[in-house]
Amino acid sequence: MQLALIGLPGSGVKTTFAAITGLTEAAGAFGQGAAGRVTALKVPDPRLEAVSRVFQPKKTVSATVEILEFPGLFGGGKTDSRLLGKVREAEALVPVLRAFESLALPHPEGGVDPRRDYRTLASEMLLADLGVVEGRLARLASSLQKRKDEDEAAERDVLLRCKECLDRGERLSTLTLDPFELKRIRGFGFLTLKRQLVLVNIGDAQLGSEAELTAPFEQQGLEVRALSASLEEELAGMEEAERDEFMRELGIPELAAPIVLSAAYRALRVVTFYTYSEDECRAWTLRRGDTALDAAGKIHTDLARGFIRAEVVSYDDFQAHGDIKGVKAAGRFRLEGREYVVADGDLIIIRHSG
């Protein structure tokens with residue numbers, strides 16, 4: 001899973017990246033100029049830890065999230081098409097919006113207004129998507145003049161609907177598309193079709209006023225969190241004992257990274273399932289609504305091809321009865337078919353042929 005941090009100049013994208021990842025130096029930097037950094041974070045998971053304590057495996061593997069940083073990509077004039085292509089590959093966007101005041105770093109627009117900045121970002125992403133749609137429609141029109149192709153005609157029809165939506169100034173996520181239509185346009189990586197986690201970057205003086213600043217975005221149905229990126233970056237660089245004491249003094253219950261990752265999971269509507277053995281316990285992620293067959297394919301394509309049944313134990317049952325043996329004794333051990341919809345926290349073993 002990839003999260004792309006984006007924002008207007010001066011919003012604090014670089015500082016937010018450092019705050020979430022704990023990295024202050026370039027790590028996996030790509031490109032030059034406006035290009036940023038990329039790193040993978042392990043997702044904190046108490047359930048995985050509990051499963052591992054029971055099985056005592058040789059290896060425990062956490063789910064990971066890649067965080068990509070794109071400072072200066074938007075709001076600075078001409079957009080770097082190569083970097084924009086990388087943003088399109090991400091599963092979700094994390095717009096960083098400035099809410100902090102700074103005499104040393106005046107806002108380019110002359111005043112701080114997170115809602116205005118979000119509208120600016122949204123407008124630039126909409127125009128970027130519209131450019132892709134119009135370019136592809138022009139190529140399809142030329143191609144369809146030379147020969148009839150049912151697939152290309154179907155793609156054209158979907159893109160015409162997309163163009164109408166974007167021309168109205170609406171995100172593509174507001175458009176009702178069936179699974180086949182979504183599949184036809186998936187490769188474009190449309191920005192306005194992606195899920196978002198909005199981060200409002202506040203100053204130290206605004207600690208305690210987070211709810212007021214995030215409310216306008218919650219009213220739009222967006223997943224949103226507030227954080228002081230500069231303070232979080234400072235905390236991330238401290239020794240653990242010093243950091244814990246400082247956080248207690250400020251009344252900060254936990255660092256931003258786990259909060260952001262949890263919010264990203266909600267924004268992306270993913271679930272976590274677990275595989276287990278004496279060799280390895282591992283956390284995996286799936287889209288909410290995915291099936292046991294999808295879970296098998298996530299683990300290995302061979303498991304999906306030879307799928308027979310899924311052995312399923314809910315995490316709550318596992319916790320209640322202590323181990324798999326206890327779950328079986330309580331009659332809570334289940335065999336499910338390929339259409340079974342995986343629930344968050346399921347422990348799964350795939351029975352397969354071959």
Exercise. Is the backbone N or O of A343 less than 3.5 Å from a side-chain atom of D346, with the two atoms forming a donor-acceptor pair by type?
Worked result: yes
For this session: Mark yes or no for whether R305, through its side chain, and S353, through its backbone, hold a donor-acceptor pair below 3.5 Å.
Result: no
Exercise. What's the shortest heavy-atom distance between G169 and L126, and which atoms?
Worked result: C-CD1, 3.4 Å
Exercise. Is L130 linked to L160 within one hydrophobic cluster, defined over Ile, Leu, Val, Met, Phe, Trp and Tyr using a side-chain heavy-atom separation of less than 4.5 Å?
Worked result: yes
For this session: For F190, enumerate each residue passing the ring pair (Phe, Tyr, Trp, His ring centres under 6.0 Å) test, keeping only those at least two apart in sequence or located in another chain.
Result: F188
Exercise. When hydrophobic residues are tied together by side-chain contacts of less than 4.5 Å, even through go-betweens, does V38 share a cluster with I6?
Worked result: yes
Exercise. Short question: side chain of R98, backbone of S11 - any donor-acceptor pair under 3.5 Å?
Worked result: no
Exercise. Between NZ of K86 and CG of L73, what distance do you get to the nearest 0.5 Å?
Worked result: 12.0 Å
Problem set entry | Interatomic distance, L199 atom CG to T214 atom OG1 [nearest 0.5 angstrom] | 11.5 Å
For this session: Might you work through the salt bridge (Lys or Arg N to Asp or Glu O under 4.0 Å) test for E311 and R351, ending with a clear yes or no?
Result: CA-CA 7 Å; E311 299 178 0; R351 291 185 183 179; 2.9 Å; yes
Problem set entry | Lys/Arg-Asp/Glu bridge criterion (N-O < 4.0 Å) met for D178, R184 | no
For this session: Keeping the roles fixed (side chain from R171, backbone from K194), state whether a donor-acceptor pair exists under 3.5 Å.
Result: yes
Exercise. For T285, does its backbone N or O pair with a side-chain atom of K298 as donor and acceptor, under 3.5 Å?
Worked result: yes
Exercise. Is D149 salt-bridged to R147, cutoff N-O under 4.0 Å?
Worked result: yes
For this session: Give the cluster check for V312 versus V271: same hydrophobic cluster or not, with ILVMFWY residues linked at side-chain heavy-atom distances below 4.5 Å.
Result: yes
Exercise. Backbone N or O of G111 within a donor-acceptor pair of the R116 side chain at under 3.5 Å?
Worked result: yes
Problem set entry | Residues W284 and T275: side-chain donor-acceptor under 3.5 angstrom | yes
Exercise. Please, which pairs that meet ring pair (Phe, Tyr, Trp, His ring centres under 6.0 Å) have at least one residue in residues 130-187, sequence neighbours excluded?
Worked result: none
For this session: Decide if atom CD of Q56 counts as having more than 12 heavy atoms of other residues, nucleotides or ligands within a radius under 6.0 Å.
Result: yes
Problem set entry | Side-chain (Q206) to main-chain (G203) donor-acceptor, under 3.5 angstrom | yes
Exercise. Stepwise, does the side-chain contact (heavy atoms from CB on, under 4.5 Å) test hold for H352 with D302?
Worked result: CA-CA 8 Å; H352 62 102; D302 288 346; 5.9 Å; no
Exercise. In the single-linkage hydrophobic clustering (I, L, V, M, F, W, Y; side-chain heavy atoms under 4.5 Å), do L286 and V341 co-cluster?
Worked result: no
For this session: Taking only Lys NZ, Arg NE, NH1 and NH2, and the carboxylate oxygens of Asp or Glu, determine whether E155 and R136 approach each other closer than 4.0 Å.
Result: yes
Problem set entry | Shortest non-hydrogen contact between A310 and A292, atoms and distance | CB-CB, 4.0 Å
Problem set entry | Flag if over 12 foreign heavy atoms under 6.0 Å of CZ, R115 | no
Exercise. Going by distance alone, is a donor N or O of one side chain under 3.5 Å from an acceptor N or O of the other, for Y265 and D344?
Worked result: no
Exercise. Got more than 12 heavy atoms from elsewhere within 6.0 Å of CZ, R334?
Worked result: yes
Problem set entry | Spacing of S314 atom OG and H321 atom NE2 [to the nearest 0.5 Å] | 8.0 Å
Problem set entry | Path from M1 to I259 over hydrophobic side-chain contacts below 4.5 Å | no
Problem set entry | Polar side chain donor-acceptor pair, T291 to E339, under 3.5 angstrom | no
Exercise. Is a side-chain donor or acceptor of Q2 paired with a backbone partner of E66 at a separation under 3.5 angstrom?
Worked result: no
Seminar exercise, completed: Between the OG1 atom in T16 and the CG atom in L5, the distance rounded to the nearest 0.5 Å is 6.5 Å
For this session: State, without any angle test, whether T39 and T21 hold a side-chain donor-acceptor pair at a distance under 3.5 Å.
Result: no
Problem set entry | Closest non-hydrogen atom pair, F74 against L84 | CZ-CD1, 3.8 Å
Seminar exercise, completed: Rounded to the nearest 0.5 Å, the NE2 atom of H300 sits from the CD1 atom of I350 at a distance of 13.5 Å
For this session: For R88 and D129, run salt bridge (Lys or Arg N to Asp or Glu O under 4.0 Å): C-alpha distance rounded to whole Å, both residues' side-chain angles, the deciding distance at 0.1 Å, then the answer.
Result: CA-CA 10 Å; R88 292 191 185 281; D129 281 353; 2.8 Å; yes
Exercise. What are the two closest heavy atoms between G322 and V54, and how far apart are they?
Worked result: O-CG2, 3.6 Å
Exercise. Between E280 and K58, does at least one N-O distance fall below 4.0 Å, as a salt bridge requires?
Worked result: no
Exercise. Distance-only, no hydrogens or angles: does the N201 side chain make a donor-acceptor pair with backbone N or O of A229 under 3.5 Å?
Worked result: yes
For this session: Decide if atom CZ of R309 counts as having more than 12 heavy atoms of other residues, nucleotides or ligands within a radius under 6.0 Å.
Result: no
Exercise. V51 and C281: which non-hydrogen atoms are nearest, and at how many Å?
Worked result: CG1-SG, 3.9 Å
Seminar exercise, completed: The side chain to side chain donor-acceptor pair (under 3.5 Å) partner of S143 among K148, R156, E152 is E152
Exercise. Are a donor atom and an acceptor atom from the side chains of R282 and Y276 found within less than 3.5 Å of each other?
Worked result: no
Exercise. Ignoring hydrogens and geometry, is there a side-chain-to-backbone donor-acceptor pair from E101 to V112 under 3.5 Å?
Worked result: no
For this session: Please report the C-alpha distance between C162 and I185 in whole Å, then the side-chain angles of each, then the deciding distance to 0.1 Å, and finally whether the side-chain contact (heavy atoms from CB on, under 4.5 Å) criterion is met.
Result: CA-CA 10 Å; C162 290; I185 64 173; 4.1 Å; yes
Exercise. R243 pairs by side-chain contact (heavy atoms from CB on, under 4.5 Å) with which of M238, R248, E234?
Worked result: M238
Problem set entry | Note: E210-R225 ion pair, threshold 4.0 Å (strictly below) | no
Exercise. Around E212, counting heavy atoms of other residues, nucleotides and ligands shown, do more than 12 lie under 6.0 Å from its CD?
Worked result: no
For this session: Using the side chain to side chain donor-acceptor pair (under 3.5 Å) rule, take S230 and T15 through it: C-alpha gap first, then chi angles, then the decisive distance, then the call.
Result: CA-CA 6 Å; S230 59; T15 308; over 6 Å; no
For this session: State whether the number of non-hydrogen atoms from other residues, nucleotides or ligands found under 6.0 Å of E150 atom CD is greater than 12.
Result: no
Problem set entry | Whether over 12 other heavy atoms sit under 6.0 Å from R269 CZ | no
Exercise. To the nearest 0.5 Å, how far apart are OG in S142 and CG in L137?
Worked result: 12.5 Å
Seminar exercise, completed: side-chain contact (heavy atoms from CB on, under 4.5 Å) test vs Y118 passes for just one of L222, V200, V224, namely L222
Exercise. Any idea how F55 and F318 line up, ring-wise: parallel (<30°), tilted (30 to 60°), or perpendicular (>60°)?
Worked result: parallel
Exercise. Do we see a donor-acceptor contact under 3.5 Å between the side chains of D45 and S62?
Worked result: no
